[in-house]
Amino acid sequence: MSGPMALEPGGTEQDTLALRLADTRRRVPRRLPADATLTLRLPGFGPNEEEVSRLAAELADRVGPAVHPYEVAALLEADGLSADMIRQRYGHPNIFSLAAALYERVPRVFPEPAATPDPWRPDHVRCLLRGVLFALPGLAYLLTAPLWHPGRHAAALIVAGIISWAWGQALGHRAYLRMVAGQREAGRTLLVGAPAGAAVATAGAALAAWGGPVTWAAAAQSLYLAAAGVLLVLGRERLLLAALTPLIAGAAVLPWWEPGPLLRTGLPALALAATLAAAGRALRAAHTAPAAAGAAGARPPLRRSLPYGLFGLAAAVLVLLEGRQAPYAVIALTVSMGPAEWLLYRFRGLSVTALGAAATPLGFLLRSAGVLGLCLFSYVLLLLPVALLTGAAPAALLLLAATLWTALLLQAFGVGWPPAVVCLAAAAAAGLVTFLAPIRGPLILPLCCGAAALCLAGCALWILGRPARHA
């Protein structure tokens, strides 16, 4: 017997060993059979189908979701199958051969991923509280109403309010950018920016009032808006609510009791002092936080916050135009900013769910359109009864609300310039026609807001309908 013997399955000898018998003794010649070869059949060395099937049944729940035999091989290796066990028990030469056999035997399954907590679940109480806090300062005007004349003094207060709104939007955005580095950096930004904004708003009111006594009221309004902005950015809503307690108490007794000029002036002043003290306390707490190290403490350029300030300016003008026709509807719009913030969180959460359910980019775009329509419809539906109860034109109020909410949605995703430009164009067109045109109609604000809402909705679908924005 010479030469190699191929004993592997499928070899050239086909699992047989041929032995040729030889006899050197002289014998009487006789007739031998034509085939003088003895053939011995060796035991089979192929896969043990029974054991492989048993293993496939045991690992079916883990092999089914695999997308490649290599994934099954990694699973077998993690389970501790040795090379000797794979050869002796299952009859396969290596782990990859066994993995390929298991991959072929087990049908492919695609189970739904395990449910995970919603990372964008809103804080219901906080959103509701913020909406109330946006409207509570209006009680100060109710308390001091007999002490000032709207026809002579409203212009200065409106100018100061518009400047404070625009400044607060830009400052809030910059503070949130700095908050990525830490509370200390955000506190420093607010410590410098809030007093500066109050000073600029007061200066604008002084110019509008020609330096009259109403400048002091505008200064108080500007100081309050600056301090309240600090508390809201730093998440101190409950502290701000406590500071406004004097206003709430004073307004609550007005239907039954006349407080007199002293209390009508003193209660708003006390609320202002409490708000300033609360803001100082919050800034002091932020200053004690650890400082950011290295590049994390670098200041972003001011131009990044510019579009947010311009949007604040445009939003203030649009709300002012609506307030000229329906002041009570504007109060309701202010309170609705709390539910609007809640819906912004829900949009992000529902978008993440849509991202997991969609199989193609087009499918995700369609789901995003549905989520956007649902959130926007829910918000305007909330304001429809308000418009009917206050006598406001429903079209103007609802389209204004849709414009503001869609712009805030884009800003929540870091898109600043498109909502700023669209809202500025709408505010400029509506303002020019309202104040300069010889013929003023009630349709100019709904038309401008409707066009702006359509542009912003299309922009939101174009930008937010891509999966990369939600990854």
Side-chain angles (χ1 to χ4, degrees), residues 116-123 126-127 129-130 133-134 164-197 225-240 278-312 315 337-338 340-349 351-352 355 405-420 460 463-464 466-471:
T116 57
D118 184 3
W120 296 104
R121 186 185 180 198
D123 186 341
R126 183 171 180 264
C127 291
L129 180 59
R130 288 173 70 90
L133 289 174
F134 291 146
S164 294
W165 195 335
W167 190 281
Q169 287 288 112
L171 179 61
H173 174 261
R174 185 166 179 80
Y176 281 120
L177 287 180
R178 299 289 286 150
M179 198 171 291
V180 176
Q183 285 270 339
R184 184 185 183 94
E185 285 67 27
R188 287 181 176 178
T189 300
L190 294 171
L191 181 61
V192 175
L225 292 176
V230 169
L231 293 171
L232 292 175
V233 169
L234 295 179
R236 303 295 196 275
E237 291 86 4
R238 289 175 173 80
L239 198 57
L240 178 57
R281 178 183 177 183
L283 289 174
R284 184 170 60 253
H287 184 71
T288 59
R299 297 181 179 180
L302 292 174
R303 64 177 179 273
R304 291 186 61 181
S305 300
L306 178 60
Y308 297 86
L310 294 177
F311 165 74
M337 287 295 106
E341 185 173 341
W342 186 87
L343 285 170
L344 293 178
Y345 280 102
R346 291 305 302 140
F347 177 88
R348 302 202 73 156
S351 296
V352 172
L355 184 61
W405 188 87
T406 314
L408 292 174
L409 175 65
L410 288 169
Q411 289 184 343
F413 282 86
V415 182
W417 278 111
I463 297 175
L464 307 183
R466 303 175 182 179
R469 284 285 180 175
H470 308 271

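All residue numbers in this chain count up from 1 along the given sequence.
In Tyr308, the OH atom is crowded: over 12 heavy atoms of neighbouring residues, nucleotides or ligands sit closer than 6.0 Å. Around CZ of Arg466, the count of heavy atoms belonging to other residues, nucleotides or ligands within 6.0 Å exceeds 12.
Looking at Arg346 and Asp118, a side-chain N of the basic residue comes within less than 4.0 Å of a carboxylate O on the acidic one, giving a salt bridge.
When side chains are defined from C-beta on, Gln411 counts as touching Gln169, because their heavy atoms get closer than 4.5 Å. Between Leu234 and Leu283, the closest side-chain pair of non-hydrogen atoms falls below 4.5 Å. Counting heavy atoms from C-beta on, the side chains of Glu237 and Leu232 come closer than 4.5 Å. The shortest distance between side-chain heavy atoms of Leu225 and Trp165 does not fall below 4.5 Å.
In terms of heavy-atom proximity, Ala460 sits nearest to Leu410 at CA-CD2, 3.7 Å. Of all heavy-atom pairs between Phe311 and Leu408, the closest is CE2-CD2, 3.9 Å. Taking each heavy atom of Pro122 and Tyr345 in turn, the nearest pair found is CB-CB, 3.6 Å. Between Ala175 and Val233, the closest heavy-atom pair is CB-CG1, 3.8 Å. Across all their heavy atoms, Ala407 and Pro419 have their closest contact at CB-CB, 3.7 Å. Residues Ala226 and Ala194 share a closest heavy-atom pair of CB-O, 3.5 Å.
Note that CG of Leu133 is 14.0 Å distant from CZ of Arg236, once rounded to the nearest 0.5 Å. Remark: Arg281 CZ to Leu231 CG distance equals 10.5 Å, nearest 0.5 Å. The CG atom of Leu409 lies 10.0 Å from the CD1 atom of Ile463; values are rounded to the nearest 0.5 Å. Between the CZ atom of Arg348 and the CG atom of Leu464 there is a distance of 8.5 Å, given to the nearest 0.5 Å. Here the straight-line distance linking atom CG of Leu129 with atom CD of Glu341 works out to 10.5 Å at 0.5 Å rounding. The structure places CH2 of Trp417 at 4.0 Å from CG of Leu306, a figure rounded to the nearest 0.5 Å.
Of the possible donor and acceptor atoms, none in the side chain of Trp120 sits under 3.5 Å from a partner among the backbone N and O of Leu344.
When each of Arg178, Met179, His287 is tested with Arg184 by the rule side-chain contact (heavy atoms from CB on, under 4.5 Å), just one qualifies, namely His287.
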Assess the residue pair Arg174 and Arg299 against the criterion (side chain to side chain contact (heavy atoms under 4.5 Å, CB included)); give the C-alpha distance rounded to whole Å, side-chain angles, the decisive distance to 0.1 Å, and a yes or no. CA-CA 9 Å; Arg174 185 166 179 80; Arg299 297 181 179 180; 3.9 Å; yes

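Taking the six-membered ring where tryptophan is involved, the planes of Phe347 and Phe413 are perpendicular, since the angle between them exceeds 60° and thus also 30°.
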